[in-house]
Amino acid sequence: MLAERGAGVHGEFKVPGGKLVAADVEVAEGRLSQVRVSGDFFLEPDEALEAINSSLVGAAVSAEAEELARRIRGGLPDQARLVGFSPEAVATAVRRALTRATGWSDHAWELVREGPRSPLMHMALDEVLAEEVGAGRRGPTLRFWEWESPAVVLGGFQSVRNEVDLEAARRHGVEVVRRITGGGAMFVEPGCTVTYSLYAPPSLVAGMSIAESYPFLDDWVLGVLRDLGLEVWYQPLNDIASEGGKIGGAAQKRMGSGAVLHHVTMSYSVDGAKLAEVLRVGREKLSDKGVGSAAKRVDPLARQTGLAREVVVDRLVGGFRSRFGLTAGPVSAAEVARAEELVASKFAAESWLWRVP
């Protein structure tokens, strides 16, 4: 949230899994002249709060979060204890104030929830809707995907041959497509995943590093999953994890139009044998997970919740709506037409799929 406070600016940062940190900042001659940090965190001793505020006075407006965090650490008394937040969280709140960041509830969010589309159309719609939000022709949007057919969705920089057994994919009728975001390959089948995209203005993540923006943008979904009784957390950089294994993964792209595209695929159910045949999962990728196969890494929502997939999606939609507000914003005919053009000119082209052989 951004609000003008007298001659200063106000910024907030909710620590994923932690507390809210707010910063009211005043500036004079390009430097921080007064800083007031507050929030629902815990801090001992009491005078450590003033030490934090004082340490930031005099910092340049252009100072990066790393420099602000160093100043905070250097000013803290030796016995200080910060619970539910950190110097980095304070620095991010200050940067969000200075960059005039917005909060979730500052925007009128639109919902796209429609019938199944082909894998190629999903790739194209992600680009089109992000561009529309960036151009201001569409409000910030939450879109849930429904899959028309099975697919392997490669990250923008992955090798086709390294990631996919093409013969197995053909045998199982699995289409191979490439998305515009980075990250790892997704194996999807109709009714077996929960996939959503967020198309957001850059102000929502202003003042954050890309690494910080991942858990920030998915904190709401972790809250909904916890409401369903799951023990979940964010595993850096981009995994939603549980004790049983990975539930889902996120990918993100900052578009040239200015919009932020952030999408997540969570496993609802999985055909482990088919996944293992179609995807080539290297030993290096598995070695840091402590497991021996891609199938064992995944702990699907069907097993964890016992709920029908449609109910899980309903709960996610309801959880987002109750937190931030949400109204229907279906894909327009013009957006569909543009996506169809992109399928033909880009996403269905061999040159796009095989850009990294």
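Hydrogens, waters and symmetry mates play no part in the numbers below; they use all other heavy atoms, side chains included.
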Practice problem: May I ask you to decide if Ala135's main-chain N or O and Ser257's side chain share a donor-acceptor pair within less than 3.5 Å? | Solution: no

Quiz item: Is there a donor-acceptor pair closer than 3.5 Å between any side-chain N or O of Asp40 and the backbone N or O of Leu20?
Solution: yes

Quiz item: Can you tell me how far the CG atom of Leu301 sits from the SG atom of Cys192, to the nearest 0.5 Å?
Solution: 12.0 Å

Quiz item: At their closest point, which heavy atom of Val270 faces which heavy atom of Ser267, and how far apart are they?
Solution: CB-OG, 3.9 Å

Exercise. Report yes or no: does Trp104 contribute a side-chain atom to a donor-acceptor pair with the main-chain N or O of Phe320 at less than 3.5 Å?
Key: no

Quiz item: Are the side chain of Thr193 and the backbone of Thr195 linked by a donor-acceptor contact shorter than 3.5 Å?
Solution: no

Self-check item: Taking every non-hydrogen atom, the tightest pair across Phe187 and Asp271
Solution: CE2-O, 4.5 Å

Quiz item: Checking Ser159 side chain against Pro357 main chain: does a donor-acceptor pair fall under 3.5 Å?
Solution: yes

Exercise. Spell out, yes or no, whether Leu125 and Val313 are grouped together once hydrophobic residues are joined by side-chain heavy atoms under 4.5 Å, including indirect joins.
Key: no

Exercise. Evaluate salt bridge (charged side-chain N to carboxylate O under 4.0 Å, His left out) for Glu341 paired with Arg338, printing each intermediate quantity in order.
Key: CA-CA 5 Å; Glu341 291 174 1; Arg338 173 63 182 137; 3.5 Å; yes

Self-check item: From CA spacing to verdict: side-chain contact (heavy atoms from CB on, under 4.5 Å), Leu230, Ile247
Solution: CA-CA 11 Å; Leu230 278 62; Ile247 294 174; 4.1 Å; yes

Self-check item: Point-to-point distance, once rounded to the nearest 0.5 Å, from CG of Leu279 to CD of Glu163
Solution: 7.5 Å

Practice problem: Before accepting this row, confirm whether a basic side-chain N of the pair Arg113/Glu310 lies closer than 4.0 Å to the acidic partner's carboxylate O. | Solution: yes

Quiz item: Looking at side-chain heavy atoms only, is the closest gap between Val160 and Arg178 below 4.5 Å?
Solution: yes

Exercise. Identify whether Leu129 and Trp109 are in the same connected component of the hydrophobic contact network (ILVMFWY, side-chain heavy atoms under 4.5 Å).
Key: no

Which atom pairs, donor and acceptor, lie under 3.5 Å between side-chain atoms of residues 63-71 and protein residues at least two apart or in another chain?
unit_1	atom_1	unit_2	atom_2	d
Arg71	NE	Ser55	O	2.9
Arg71	NH2	Ser55	O	3.4
Arg71	NH2	Val57	O	3.0

Quiz item: Under a single-linkage definition using a 4.5 Å side-chain heavy-atom cutoff for Ile, Leu, Val, Met, Phe, Trp and Tyr, are Ile52 and Val21 assigned to the same hydrophobic cluster?
Solution: yes

Quiz item: Leu111 and Val317: which non-hydrogen atoms are nearest, and at how many Å?
Solution: CD2-CG1, 3.9 Å

Practice problem: Please test Glu175 against Leu120 for side-chain contact (heavy atoms from CB on, under 4.5 Å), starting from the C-alpha separation and ending with a verdict. | Solution: CA-CA 9 Å; Glu175 186 176 7; Leu120 286 170; 3.4 Å; yes

Quiz item: Can you check whether Asp126 reaches Lys253 side chain to side chain, under 4.5 Å on heavy atoms?
Solution: no

Quiz item: Rest of the hydrophobic cluster containing Val83 (Ile/Leu/Val/Met/Phe/Trp/Tyr, side-chain heavy atoms under 4.5 Å)?
Solution: Phe42

Practice problem: May I ask you to say whether Glu189 pairs ionically with Lys274, meaning some side-chain N is under 4.0 Å from a carboxylate O? | Solution: yes

Quiz item: Between His262 and Tyr214, does the ring centre distance come in under 6.0 Å?
Solution: yes

Practice problem: Would you mind checking if Glu131 and Arg137 are paired as a salt bridge, meaning a charged N to carboxylate O distance below 4.0 Å? | Solution: no

Quiz item: Are the side chains of Val336 and Val128 in touch, meaning some heavy atoms are under 4.5 Å apart?
Solution: no

Quiz prompt | Contact check, side chains of Val152 and Gln158, non-hydrogen atoms, under 4.5 Å | solution = no

Self-check item: In one Ile/Leu/Val/Met/Phe/Trp/Tyr side-chain cluster, 4.5 Å: Leu222, Leu142
Solution: yes

Quiz prompt | Point-to-point distance, once rounded to the nearest 0.5 Å, from CE of Met123 to CG of Leu342 | solution = 12.5 Å

Self-check item: Validation row: His172, Pro150 side chains within 4.5 angstrom (heavy atoms)
Solution: no

Quiz item: What is the distance from atom CZ of Arg143 to atom OG of Ser197, rounded to the nearest 0.5 Å?
Solution: 5.0 Å

Quiz prompt | Atom of Arg226, atom of Val232 and distance for their closest heavy-atom approach | solution = NH2-O, 2.9 Å

Practice problem: For the pair Leu82 and Leu76, evaluate side-chain contact (heavy atoms from CB on, under 4.5 Å) and give the outcome as yes or no after the intermediate values. | Solution: CA-CA 10 Å; Leu82 287 67; Leu76 282 170; 3.9 Å; yes

Self-check item: Partner set under side chain to side chain donor-acceptor pair (under 3.5 Å) for Arg117, not counting sequence neighbours
Solution: Glu114

Quiz item: Rounded to the nearest 0.5 Å, what separation is found between the CD atom of Glu127 and the NE2 atom of His122?
Solution: 15.5 Å

Practice problem: Classify the angle between the aromatic ring planes of Trp145 and Trp147 as parallel (below 30°), tilted (30 to 60°) or perpendicular (above 60°). | Solution: tilted

Practice problem: Look at the side chain of Gln304 and the backbone N and O of Asp299, then say whether any donor-acceptor pair between them is shorter than 3.5 Å. | Solution: yes

Practice problem: Spell out, as yes or no, whether a donor-acceptor pair under 3.5 Å connects the side chain of Asp106 to the backbone of Gly103. | Solution: yes

Self-check item: Arg321: partners by side chain to side chain donor-acceptor pair (under 3.5 Å), with sequence neighbours left out
Solution: none

Practice problem: Using atom types as modelled and distance alone, determine if a side-chain donor or acceptor of Asp165 lies under 3.5 Å from a backbone N or O of Arg280. | Solution: no

Quiz item: Does the pair Arg309/Glu146 count as a salt bridge with the N-to-O cut at 4.0 Å?
Solution: yes

Exercise. Look at Glu167 together with Arg170 and state whether they make a salt bridge at an N to O cut-off of under 4.0 Å.
Key: yes

Practice problem: Indicate the atoms forming the closest heavy-atom contact of Val61 with Leu98, along with that distance. | Solution: O-CD1, 3.8 Å

Quiz item: Given the rule in the side-chain contact (heavy atoms from CB on, under 4.5 Å) test, do Tyr199 and Met255 qualify, once you have shown the distances and angles that lead to the verdict?
Solution: CA-CA 10 Å; Tyr199 313 98; Met255 307 292 290; over 6 Å; no

Self-check item: Nearest heavy-atom neighbours spanning Gln252 and Ser213
Solution: OE1-OG, 3.1 Å

Quiz item: Between NE2 of His263 and CD1 of Ile180, what distance do you get to the nearest 0.5 Å?
Solution: 7.5 Å

Quiz item: Are the side chains of Tyr234 and Ile240 in touch, meaning some heavy atoms are under 4.5 Å apart?
Solution: yes

Quiz item: With a 4.5 Å heavy-atom cut-off, do Val27 and Val9 have their side chains touching?
Solution: no

Quiz prompt | Arg96 side chain vs Leu204 backbone, donor-acceptor pair below 3.5 Å | solution = yes

Quiz item: Is any side-chain heavy atom of Glu88 closer than 4.5 Å to a side-chain heavy atom of Ser209?
Solution: no

Quiz item: Excluding sequence neighbours, so at least two apart, what forms salt bridge (charged side-chain N to carboxylate O under 4.0 Å, His left out) with Glu44?
Solution: Arg81

Practice problem: Using modelled atom types only, decide if a donor and an acceptor are shared between the side chain of Ser322 and the backbone of Gly319 within a distance under 3.5 Å. | Solution: yes

Quiz item: What pairs with Trp352 under ring-ring contact (aromatic ring centres under 6.0 Å, His included), at least two apart in sequence or on another chain?
Solution: Phe347

